[in-house]
Every structure is written in C-alpha cells, then in structure tokens.
Amino acid sequence: MKYFIKLLLLLNFFTLGANEITFDEQSVIEASKKDNPTIDQIEQAYLASKLQLLQFDDQFNSSLYGNTSYSKTNEKQFGQFQPVTSPIKSSQLGIKSSFKQGFSLSVGAFNNQTTNSFVQEGTLTGLNAQLSLDLWKNFLGRSANAKFKGLESFSKRASLESKINKTAFTQNIRKLYWSLVANNEAIKITKKLLSSSKLQVQEANRRFKKKIADSGEVSRYKSQVAARSAQIVSLQYQRESLIQSLKELIPEWSNKNLKLGAYDVEAQVDKVLKCTAVIAQSQRPPLDNTLYDDVLTLLKEEKANELKVSKLYNHADVHLVSEVKYFGKDLGNSKAMDEFSDNPAKSYSIGLSFDIPIEGKRKTTKDILNKLNNKKYKALEENTFSKIEAYHGQIIRTVSLLREIVKNQKENTYHLERSLKSSKRKFNQARLSVQQLVQEQDAFLQSNLDEIQTKLNVIHTLLDYLSVYTETSCEMNRI
C-alpha cells in the first residue's frame with residue numbers, strides 16, 4: 001500500500017509538471033503570434049475587405065456560355081396555312097466579357113433548325129457579336145473604376161490595420177505580462193514586511209508578558225499582520241485575475257498551470273528610457289515609424305472614390321445595344337454551313353435603352369449617402385490623425401514625468417528605510433509610540449508599492465506608444 005501511494009504521488013508530480021508552463025516575456029510574445037481567436041478576428045476583417053474587392057472584380061471576368069434545346073409535338077395544324085413547326089432544334093456557344101470601362105461584349109456561334117409542312121430542316125447557322133455600351137452613369141468606366149479603386153484602397157487599408165492590430169494585440173499581452181511582474185514584486189515586498197510584522201507580534205507578546213508593553217501595543221501589531229495578510233490575499237486575487245486574462249488571450253495555455261519565470265524590472269525600465277530617448281529625438285511625429293500615415297493616405301483615396309460613386313447614384317442609366325450576325329440559311333446543316341462559308345448573309349441591329357428617374361427620391365437618397373460617407377471618413381481620418389499626433393507628443397511629457405516620479409519615489413523609499421531603522425531604535429528606547437512606528441512601516445510599504453506601480457506605468461506607456469508607432473527602431477520594439 002505504501003508503494004502504491006508513492007507511485008500515485010510520483011505520477012501526480014509528473015502530471016503537474018507536464019501541465020506547467022514557466023513563461024517569460026519572450027514566450028508570451030511568441031504565443032501571441034500563433035493562431036488564436038483574437039488573431040483570427042483581426043484576419044477576418046482583412047479577408048472580408050479582400051472578398052469585397054474580389055467579388056466586385058468577378059463581375060468583369062470572361063466566361064463561356066452556351067445553351068441547347070430540342071422540342072417536338074404531334075399536334076394537328078388548324079389549316080393548310082397554319083403549319084405546326086416540329087421538331088425545333090437550337091444551340092448556342094460563345095464567350096462573353098464585361099469591362100470596367102463601361103461596356104460588355106459577347107461573341108458566339110449559333111445553330112437553329114425547324115421543320116414544318118412547308119420547310120424540311122430549315123437551318124440557320126453562323127456567328128454573332130453583341131455589344132452593350134454605357135453612355136452615361138458608367139461612361140468610360142467612371143463609376144466602376146471609382147468603385148474598384150475605392151475597394152482596392154479599402155483592402156490595402158485593412159491589410160495595414162490588420163498588421164497594426166496584431167502588433168497592438170502583442171503589446172497588450174506584454175502589458176499583461178508586466179502587470180503580473182509588478183503584482184509578483186508587490187507580493188514579495190508585502191510578504192517580507194508581513195514576516196517583519198509577525199516578528200513584531202512575537203516581540204510584543206514577550207514584552208506584554210514581562211509587563212513592558214500593554215495589550216494595545218499587541219493588538220496594534222496583530223492588526224498590522226491582519227492588514228498585510230489581507231493585502232497579500234488581495235494581490236493574489238489580482239494575480240489570478242491577470243492569469244485568467246492571459247489564458248483567455250492565449251487559449252493554448254488555458255488548461256496549463258502558469259508560473260512566472262525570471263525577469264529584470266530595472267533592465268526593462270532601462271530599455272524603456274533608452275527607447276524614449278530615441279523617440280525624443282523627433283520633435284514632430286516620425287511618420288516613417290508608423291503605418292497610420294499610410295492608413296490616412298488610403299482613407300483619403302477611399303473617400304474620394306466613394307464620393308464619386310455616390311454622386312452618380314441618381315444619374316440615368318443609358319445603354320447602346322447592338323448586334324451583328326453572319327450566317328448561312330438553307331435546308332439541312334450541311335447546306336447551311338456551305339452557304340455560310342461561300343456566301344454568308346449579314347444582319348445587324350442597334351438600339352438604345354434608358355432608365356431615367358423622374359421623382360426626387362433618388363436625389364434624397366444620394367444626399368444622405370454623401371453625408372454618410374463624409375461623416376464616416378471624417379471620423380476615421382480624425383481618429384487616425386489624432387493617434388499620430390497625440391501619442392508622440394504626449395509620450396515625451398508623460399515618460400519625463402514618470403521618470404521624475406520614479407526618481408523621487410526611490411529617494412523617498414531610501415529615506416523612509418533609514419527613518420524606519422531610526423524609529424525602531426527610538427521605539428525600543430520608549431521614545432516613540434507604537435502608532436508612530438506602525439505608520440512609518442506602512443508608509444515604507446506604500447512607497448515600495450507606489451514605486452512598482454510607477455515603473456509599470458512607464459512600461460505600459462511605451463507599449464501603448466509602440467502600438468501606434470509600430471516601426472520604431474529600439475530594443476523594446478524588437479519583437
């Protein structure tokens with residue numbers, strides 16, 4: 001039985017080991033680039049734009065068309081000069097194409113054969129060509145070309161935005177990772193001070209037994225232990241929430257036990273500061289470092305073409321339609337073919353079709369469509385432009401302030417640590433109350449926690465910047 005229990009424990013150990021992942025920043029970055037629902041949604045948006053372009057372009061492809069039919073009846077004719085035509089044979093084969101330039105063309109061969117009491121196998125065989133030309137709305141392709149160019153710009157924009165969004169997704173996961181690091185640092189510091197508080201409780205109990213300290217001092221220290229224990233539990237809860245968020249973003253880790261690997265906060269902050277030094281060299285937004293500049297250009301092209309199409313919404317449809325035929329006509333296929341080869345007959349037709357709106361409904365629709373497009377693209381352009389301008393100008397000021405805060409917090413922590421040592425001596429000499437000592441200890445803890453949070457803010461601020469200026473050349477952005 002003892003060996004069986006040991007075997008179970010050993011198996012459990014290996015199972016836990018197989019399900020455990022120790023992760024660092026690099027492994028998080030690599031995992032974020034693999035297939036997952038967020039990446040699929042980002043790519044879905046791009047593919048949807050590409051599909052619109054391809055479906056529109058499909059209208060202008062060449063295609064092979066054809067048909068054949070045979071019909072026969074045994075009905076009686078009403079009179080001598082009212083013959084029943086039967087059987088009837090018909091077949092056609094050809095190629096047709098539509099062009100963005102505003103016309104369509106088809107070329108084909110045909111064969112029609114009929115039989116009745118007057119004609120035995122009367123056959124018509126030959127070639128025909130048809131042309132349809134848009135004379136107004138899409139004259140010389142002004143509407144179709146604008147629509148195609150607009151969709152082309154939209155597809156290119158979606159491709160760039162897909163790249164930007166993938167980078168932003170990776171940066172968000174990096175922010176989550178560094179939040180876990182900050183949380184871990186906070187837990188470590190709080191646990192260290194909790195151990196110190198527990199020692200103080202033991203010392204207070206010893207002093208109480210010797211009638212040196214009163215029960216209030218013991219209770220104050222016990223209260224501090226309880227407060228720090230609660231703070232650790234709260235931080236552990238935050239950690240579990242962060243890990244849950246990480247698992248949701250990286251589904252392949254969803255059933256794994258995640259363990260934070262080695263890290264170096266000071267080295268990371270140093271990278272951030274070096275990166276901001278590179279950024280600070282550019283007084284104006286470095287457009288070469290962002291894809292949003294290209295997005296803005298494509299937005300303007302897309303808008304111009306979309307407005308061209310919408311302005312033609314209520315215009316008339318006018319088409320010139322023409323057909324020309326060369327054919328042979330005789331009794332039987334063979335003779336009709338000979339006639340077509342030796343002395344083909346020719347026929348042609350030409351016509352005009354139009355559809356002109358006579359009410360004002362389409363104009364009202366066109367006006368709303370124009371307003372909609374103007375507002376849509378104005379919002380997109382302003383949003384894109386604001387990202388380009390705001391992120392660059394703001395990060396220099398923000399990081400500069402955060403650096404100053406970190407510097408002051410470090411100095412504050414240093415002096416609080418020295419003051420705390422002095423306060424402990426004074427307390428032992430009965431020159432300082434327990435309340436004052438506990439207050440200093442709490443201030444020291446809070447200063448450490450504030451310093452961790454500020455360093456995290458520095459890292460988060462730069463990662464937000466790199467989500468917009470994705471091409472920035474610095475070590476922090478080599479992902």
Visitor: Looking at Glu185 and Lys188, is there a salt bridge between them, counting it only when a charged N and a carboxylate O are closer than 4.0 Å?
Guide: yes
Visitor: Check whether any side-chain N or O of Ser162 sits under 3.5 Å from a backbone N or O of Ala158 as a donor-acceptor pair, and report yes or no.
Guide: no
Visitor: Just by modelled atom types, is the Glu25 backbone N or O under 3.5 Å from a matching donor or acceptor in the Arg174 side chain?
Guide: no
Visitor: Hey, what do you get for CG (Leu449) to CD (Glu451), rounding to the nearest 0.5 Å?
Guide: 10.0 Å
Visitor: Glu381 vs Lys378, test: salt bridge (charged side-chain N to carboxylate O under 4.0 Å, His left out). Steps then yes/no.
Guide: CA-CA 5 Å; Glu381 288 173 13; Lys378 181 184 176 184; over 6 Å; no
Visitor: Consider only side-chain N and O atoms of Asn61 and Asp58, and report whether a donor and an acceptor are under 3.5 Å apart.
Guide: yes
Visitor: Could you tell me if Glu302 and Tyr377 have a donor-acceptor pair between their side chains, going purely by distance under 3.5 Å?
Guide: yes
Visitor: With a 4.5 Å heavy-atom cut-off, do Thr68 and Gln92 have their side chains touching?
Guide: no
Visitor: Do Ser229 side-chain atoms and Val225 backbone N/O form a donor-acceptor pair below 3.5 Å?
Guide: yes
Visitor: Evaluate the side-chain proximity of Phe60 to Ser97: yes if any heavy-atom separation is below 4.5 Å, no if none is.
Guide: no
Visitor: More than 12 foreign heavy atoms under 6.0 Å from NZ of Lys363: is that the case here?
Guide: no
Visitor: Between Asn184 and Tyr263, is any side-chain donor less than 3.5 angstrom from a side-chain acceptor?
Guide: yes
Visitor: Taking the side chain as C-beta and beyond, is there a heavy-atom pair between Leu249 and Gln244 under 4.5 Å?
Guide: no
Visitor: Can you check whether Ser467's main-chain N or O pairs, donor with acceptor, with Thr470's side chain at less than 3.5 Å?
Guide: no
Visitor: Atom CD in Glu301, atom CG in Leu298: separation rounded to 0.5 Å?
Guide: 5.5 Å
Visitor: After noting the C-alpha distance and the side-chain angles of Lys247 and Glu252, does the key distance pass the salt bridge (charged side-chain N to carboxylate O under 4.0 Å, His left out) rule?
Guide: CA-CA 8 Å; Lys247 287 182 176 182; Glu252 65 174 310; over 6 Å; no
Visitor: On the 0 to 90° scale, with breaks at 30° and 60°, tag the Phe23-Tyr177 ring pair as parallel, tilted or perpendicular.
Guide: perpendicular
Visitor: Less than 4.5 Å apart, any side-chain heavy atom of Leu456 and any of Ser179?
Guide: yes
Visitor: How long is the straight-line distance from CG of Asn374 back to CG of Leu307, given to the nearest 0.5 Å?
Guide: 5.0 Å
Visitor: Please confirm whether the backbone N or O of Ile250 pairs with a side-chain atom of Asn36, one donor and one acceptor, at under 3.5 Å?
Guide: no
Visitor: Taking atom types as modelled, is there a side-chain donor on Ser310 or Asn370 under 3.5 Å from an acceptor on the other?
Guide: yes
Visitor: Taking C-beta and beyond as the side chain, do Asn19 and Asn257 meet within less than 4.5 Å on heavy atoms?
Guide: yes
Visitor: Please check: side-chain N/O of Thr384 versus main-chain N/O of Leu380, any donor-acceptor pairing under 3.5 Å?
Guide: yes
Visitor: Do Ile173 and Ile29 have side chains that approach each other closer than 4.5 Å (heavy atoms only, starting at C-beta)?
Guide: no
Visitor: One pair to check against salt bridge (charged side-chain N to carboxylate O under 4.0 Å, His left out): Lys34 and Glu30. What are the steps and the verdict?
Guide: CA-CA 7 Å; Lys34 296 179 181 179; Glu30 290 172 0; over 6 Å; no
Visitor: Any donor-acceptor pair under 3.5 Å linking the side chain of Arg157 with the backbone of Asp294?
Guide: no
Visitor: For Tyr313, does the six-membered ring have the charged nitrogen or CZ of Lys366 within the cation-pi criterion, i.e. under 6.0 angstrom from the centroid and within 45° of the normal?
Guide: no
Visitor: Side-chain contact, heavy-atom cut-off 4.5 Å: Lys175 with Asp464?
Guide: yes
Visitor: For a quick check under 3.5 Å, do Gln236 and Arg239 share a side-chain donor-acceptor pair by atom type?
Guide: no
Visitor: Establish, from distance only, whether the side-chain atoms of Tyr65 and Lys96 form a donor-acceptor pair under 3.5 Å.
Guide: no
Visitor: Can you measure from NZ (Lys147) to CD (Glu152) and round to the nearest 0.5 angstrom?
Guide: 13.5 Å
Visitor: Is the closest side-chain heavy-atom distance between Ile21 and Lys259 below 4.5 Å?
Guide: no
Visitor: Suppose we screen for side-chain contact (heavy atoms from CB on, under 4.5 Å). Which residues come up paired with Ser282, at least two apart in sequence or across chains?
Guide: Pro286, His392
